[in-house]
Amino acid sequence: MAVEQTLSIIKPDATRRNLTGAINKVIEEAGLRIVAQKRLRLSRLQASTFYAVHKERPFFGELVETMVSEPVVIQVLQGENAIAKYRDVMGATNPENAAAGTIRKLFALNIGENSVHGSDSAENAANEVRFFFSGMEIVG
Ligand code: CMP
């Protein structure tokens with residue numbers, strides 16, 4: 001297995017409830033290393049560009065408004081098989097379907113406020129990491 005990097009976003013529903021540390025604990029206990037992290041308030045342009053792949057979906061407007069409503073914490077996670085591993089650690093997109101012990105089962109409120117985002121492929125991980133971080137900001 002290769003060492004990979006993946007992009008994680010701790011979403012506004014979680015930062016609002018002061019859950020950054022609790023989520024980071026689950027991430028680190030799963031063996032993923034947080035090699036970059038910053039807290040910021042997304043603009044509408046940043047949120048709609050980041051989620052452009054969903055722009056024709058009926059939930060797109062709500063998704064953008066949710067993502068700009070409060071600060072987010074953007075991270076790069078590194079580890080063996082990090083992309084698939086973080087998707088396992090997050091659990092299903094809809095927390096009703098998420099497995100026990102996953103971040104979304106533990107903390108998510110509903111499908112739109114599902115506490116975290118993680119890249120879904122190697123190509124998207126590379127693009128998403130590049131969208132938010134320069135190489136200098138990632139320290140393994
Ligand atoms: P995320 O992994 O960040 O990718 C797109 C997001 O759209 C997803 O998590 C959900 O939070 C959000 N979303 C809102 N409604 C839906 C829906 N009906 N189906 C899929 N994703 C949704």
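No hydrogens, no waters, no symmetry mates; every other heavy atom, side chains included, goes into these values. Counting starts at 1 for both ligands and their atoms, in listed order.
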Nearest neighbour of atom 19 (N) of ligand 1 from the list I111, T93, L63, on a heavy-atom basis
I111
Of all the heavy atoms in K11, does at least one lie under 4.0 Å from an atom in ligand 1?
yes
Proximal ligand 1 atoms for R104, defined as those under 4.0 Å from one of its heavy atoms:
2 (O)
When you look for heavy atoms under 4.0 Å from ligand 1, do you find them on the side chain of E62, its backbone, both, or neither?
neither
Which pairs pass salt bridge (charged side-chain N to carboxylate O under 4.0 Å, His left out) with one or both residues in residues 87-104, sequence neighbours excluded?
none
Who's closest to atom 18 (N) of ligand 1 heavy-atom-wise, of Y51, F60, F59?
F59
Side chains of I27 and Q75 in contact at under 4.5 Å (non-hydrogen atoms)
yes
Quick check: do K11 and V116 have side-chain heavy atoms less than 4.5 Å from each other?
no
Considering only distance and modelled atom types, tabulate donor-acceptor pairs under 3.5 Å from the side chains of residues 51-61, sequence neighbours left out.
unit_1, atom_1, unit_2, atom_2, d
H54, ND1, R57, NH1, 3.4

What part of H54 sits under 4.0 Å from ligand 1 if we count only heavy atoms: the side chain, the backbone, both or neither?
side chain
Basic-acidic side-chain contact under 4.0 Å: R33, E28
no
